[in-house]
Amino acid sequence: MENKSAASNFIKTIMMDDLKEGRVTNVMTRFPPEPNGYLHIGHARAITINFELADEFGGKTNLRFDDTNPLKEDVEFVKSIQEDIKWLGFEWDGLYFASDYFEEMYNRALVLIKKGLAYVDDQSADAIRETRGTLTQPGKESPFRSRTIEENLDLFTRMRAGEFKDGERVLRAKIDMASPNINMRDPVIFRISHTHHHNTGDKWCIYPMYAFAHPLEDSIEGVTHSLCSLEFEDQRPFYDWVIRETEMPHVSRQYEFGKLKIAGTIMGKRYIKRLVETGVLDGWNDPRVFTISGMRRRGFTPEGIKSFIREAGVSKSNGTVDPRMLEHFIREDLKLKAPRTMGVLKPLKVVITNYPEGQVEMLDAEVNAEVPEMGMRKIPFSREIYIEQDDFMENPVPKYHRLFPGNEVRLKHAYFIKCEEVVKDEAGNVVELRCTYDPETKSGTGFTGRKVKGTIHWVEATSAVPVEFRLYDQLVADKTDEEEEGEGGDDLLSAINPKSLEIVQGFIDPGIKDVQPEDKFQFFRHGYFCVDSQTSTPDKPVFNLTVSLKSSFSV
RNA sequence: UACCCCUUCGCCAAGUGGCAAGGCAGCGGCCUUUGAAGCCGCCAUCCCAGGUUCGAAUCCUGGAGGGGUAGCCA
């Protein structure tokens, strides 16, 4: 069951007060991605925050593609974004495109021009930048700032009609070139771009800028609380200015919250792109990157991801969380859902010398001992089995409970075995163990004659299914800051953890051989694994390590 | 050095003037056919300095530290 009663946060407080004081009569939020890339866990957080906050107050949430820049957008992404949101388990109320509002936006710009609050500027982009001033010095007014309303109306109409080339003119809001807030120094609100748009085709050659478009989009849809990240704080005065001066009937309000990074991973689009191009990652859905598709392929669950997001909270400070917190919630969700079975990653053969040759017996095992309703299954046992290489030490370290010469351990679901002999190759490597078993110690018989300290997992040798295991670790060190890894992420390549992916060939219990992509299991004493959706085949299953089990022991 | 924002346990984060929630991590112990899980217990006086107040993490003033903003990107 998902925990939905997360702690309070400042946005929830604002919504509650707004409702109580009658400033709003309902809550309406929106998730407004630009369709220019794949969603990642940061988006999952924005999605969860928007949808669940609205839901908590009986409100609604729209999905709105903020597609005001045709140069960067593609339908490919409008599809993948919708799939990702659905996979997370959210249903949007309305599905909209900012580009559907272009006509309305154009008309609102006309309102501004008629009020003398917008003008067409013929200056070049460079000239505009140079006269904007700096952080400490005011800007200079454009020589075109005092054009008449008629002239502006004429020019803007002709901009729309396609009479000018890209960059020749822009429409600017007329506010205050000396404002200490640079966003108020006559920001550009429409630019010319003769570019095909994925939704509007070639109907438009002028496109509104985000800062002008967004408040209008929100207002048109009746959004009450427009949530965005901290870097938009300085744009709020302009957001309010647009709604007020264009005389939009519905007043939306913008609130900003901090982004939450996860240590040890890369989130930036350009960096992931770089790593995909150089072959470090095998795609945008590589299980090591926290794109939604990557997490899905890794075996993370929507419920686990959402629990993590709720528990991490929302505030006005930017933070970085320990990836172990995310892992905790993934484990917690998988704990009662995933069947538990045995898989040996690094096999070591064991021959049970006193077990009858040729005999195979079927042992009973719970599918998940914590969930009896999941039932029982049978697993084969015989004279030859594989155990984990790490579960044997010829010269055991102190407190080692596993197998070593002369020691007895329990084989999960089976018998006690005792290590009698170690077989080595010429190089001195241990290649086989010869053990004896005690029939009286069979699991389920209630044997209490003696106790052993260790229980280890195993698979029967003749029926074991060969599989590939892909073990993942953090992509980069905890403190790696992608922003500081050189132009284009050059230095990022050397920051990659060489152990972020380790591939091993092992065996699993034959009981689960007919696996489907994304099927999830817990392999005893290892962790949760998920059948890889890209490379697994019926002949050679491939399992991704979703998250390992915790361990208080290490050699 | 212009404007805006932030500063509570190792990491997230509640708290909105009345004696510091919770989660993760960590540390003990119990239990255990996963060294898992589970269970029990431990783990901060709130960046600093003044001030207001019977009383301040919460209000005020001044510092310090961190972040954001100068796209015809979003």
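In what follows, chains are A, B, ... by sequence order, proteins preceding strands, each numbered from 1. Only this structure's heavy atoms are used, side chains among them; waters, hydrogens and symmetry mates stay out.
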A:H198 and A:D74: side-chain donor and acceptor closer than 3.5 Å?
no
Given that both distances must come in under 3.5 Å, which nucleotide forms a Watson-Crick or G-U wobble pair with B:G18?
B:C54
Categorize A:K453 for me: base, sugar-phosphate, or nothing, with a 4.0 angstrom heavy-atom threshold over every strand shown.
nothing
Over all strands shown, is A:E388 touching base, sugar-phosphate only, or nothing at heavy-atom distances under 4.0 angstrom?
nothing
Below 3.5 Å, does any donor atom in the side chain of A:R402 face an acceptor in the base of B:G35, or the other way round?
yes
Scan A:H214 against the nucleic acid and name what it touches under 4.0 Å (heavy atoms): base, sugar-phosphate only, or nothing.
nothing
Kindly point out which of B:U16, B:U33, B:A13 is positioned nearest to the side chain of A:R410?
B:U33
A:D84 and A:Y38 side chains, donor-acceptor separation under 3.5 Å
no
From the list A:K418, A:R450, A:K451, A:K453, salt bridge (Lys or Arg N to Asp or Glu O under 4.0 Å) with A:E408 holds only for A:R450
What integer number of Å spans the P atoms of B:G15 and B:A20?
16 Å
Just wondering, are more than 12 heavy atoms of other shown residues or ligands nearer than 6.0 Å to NZ in A:K259?
no
Hey, which sits more toward the 5' end of RNA chain B by its nearest nucleotide, A:R191 or A:F10?
A:F10
Measuring only the C1' atom in each nucleotide, how far is B:A37 from B:C31? A whole number of Å is fine.
11 Å
A:G319 near the nucleic acid: base, sugar-phosphate alone, or nothing, with a heavy-atom cut-off under 4.0 Å?
sugar-phosphate
Between A:E370 and A:K335 (salt bridge meaning N to carboxylate O under 4.0 Å), is one present in this structure?
no
Distance check needed: B:A74 P versus A:R64 CZ, whole Å only.
13 Å
Could you check whether A:S99 and A:N199, counting side-chain N and O atoms only, form a donor-acceptor pair closer than 3.5 Å?
yes
Using a cut-off of 4.0 Å on non-hydrogen atoms, how would the nucleic acid contact of A:M342 be classed: base, sugar-phosphate, or nothing?
nothing
Under 4.0 Å between any heavy atoms, over every strand shown, what does A:S179 touch: base, sugar-phosphate, or nothing? Just pick one.
nothing
What is the pairing partner of B:U7, taking Watson-Crick or G-U wobble pairs with both distances under 3.5 Å in any strand?
B:A64
State which of B:A14, B:C72, B:C6 makes the closest approach to the side chain of A:N9.
B:A14
Expressed as a whole number of angstroms, how long is the span from A:E256:CD to B:A74:P?
18 Å
Can you check the distance between B:G23 and B:G38, where both ends of the measurement are the P atom (answer in whole Å)?
12 Å
Measure from NZ or CZ of A:R410 to the centre of the six-membered ring of A:F416, then state whether that distance is under 6.0 Å and the direction lies within 45° of the axis.
no
cation_pi(A:K412, A:F524) dist<6.0 Å, angle<=45:
yes
Produce the list of close N/O pairs, under 3.5 Å, pairing protein atoms with atoms of nucleotides 66-70 of chain B; give distances to one decimal.
unit_1	atom_1	unit_2	atom_2	d
B:G68	N2	A:D234	OD2	2.7
B:A70	O2'	A:R132	NE	3.4

For A:Y239 and B:A74, give me the distance from atom OH to atom P, rounded to whole Å.
16 Å
Choosing from B:A74, B:U33, B:C72, which nucleotide comes nearest the side chain of A:T68?
B:A74
Between B:U1 and B:A64, how far apart are the P atoms? Round to whole Å, please.
10 Å
Do nucleotides 20-28 of chain B as a string where each nucleotide becomes B, S or -: B if the base has a protein heavy atom under 4.0 Å, S if just the sugar-phosphate does, - if no protein is that close.
-BBBSSS--
Across the strands shown, which category fits A:G454 at heavy-atom distances under 4.0 angstrom: base, sugar-phosphate, nothing?
nothing
P atoms of B:C24 and B:G41, separation to the nearest Å:
15 Å
So, A:E221 and A:R30, do they make that salt bridge, N to O below 4.0 Å?
no
Let me know the distance between CZ of A:F190 and P of B:A74, rounded to the nearest Å.
11 Å
Inspect the contact between A:R185 and A:D176 and indicate whether a charged nitrogen and a carboxylate oxygen are less than 4.0 angstrom apart.
no
Pick the closest RNA chain B nucleotide for A:V314 and for A:A414 by heavy atoms, then say which residue is nearer the 5' end.
A:V314
If you look at every strand shown and take non-hydrogen atoms under 4.0 Å, does A:K316 touch a base, only sugar-phosphate, or nothing?
sugar-phosphate
Mark this stacking check for A:F553 against B:G35 as yes or no, applying ring centres under 5.5 Å and ring planes under 30°.
yes
With a non-hydrogen cut-off below 4.0 angstrom, is A:Q235 in contact with a base, only sugar-phosphate, or nothing?
base
Taking only the side-chain nitrogens and oxygens of A:S315, find out if one of them lies under 4.0 Å from OP1 or OP2 of B:C12.
no
What nucleic acid atoms does A:F447 come within less than 4.0 Å of, heavy atoms only: base, sugar-phosphate, or nothing?
nothing
Considering only the C1' atoms, how many Å lie between B:A57 and B:A21, rounded to the nearest integer?
14 Å
CD1 of A:I206 versus C1' of B:C72: gap in Å, rounded?
13 Å
Less than 3.5 Å apart, any donor N or O on the side chain of A:E73 or A:N69 sitting next to an acceptor on the other?
no
Whole-Å distance separating the CZ atom of A:R270 from the P atom of B:A74:
18 Å
Could you tell me whether A:I128 contacts a base, only the sugar-phosphate backbone, or nothing, with contacts defined as non-hydrogen atoms closer than 4.0 Å?
base
Within 45 degrees of the ring normal and closer than 6.0 Å to the centroid, is that where the cationic atom of A:R160 sits relative to A:Y106?
yes
Nucleotide B:U33, atom C1' - distance to CD of A:E370 in whole Å:
14 Å
Under 3.5 Å for both donor-acceptor distances, Watson-Crick or wobble: does B:A2 have a partner, and if so which one?
B:U69
Donor-acceptor pair present, A:T136 side chain and B:U1 base, under 3.5 Å:
no
Could you state the atom-to-atom distance from NE2 of A:H413 to P of B:U33 in whole Å?
13 Å
Counting any heavy atom closer than 4.0 Å, what does A:Q522 reach on the DNA or RNA strands: base, sugar-phosphate only, or nothing?
base
For A:F469, run the ring pair (Phe, Tyr, Trp, His ring centres under 6.0 Å) check against A:F529, A:F521, A:F507 and tell me which one passes.
A:F529
Tell which nucleotide pairs with B:G41, taking only Watson-Crick or G-U wobble pairs whose two distances are both under 3.5 angstrom.
B:C27
Is B:G28 in the syn range, within 90° of 0, or in the anti range?
anti
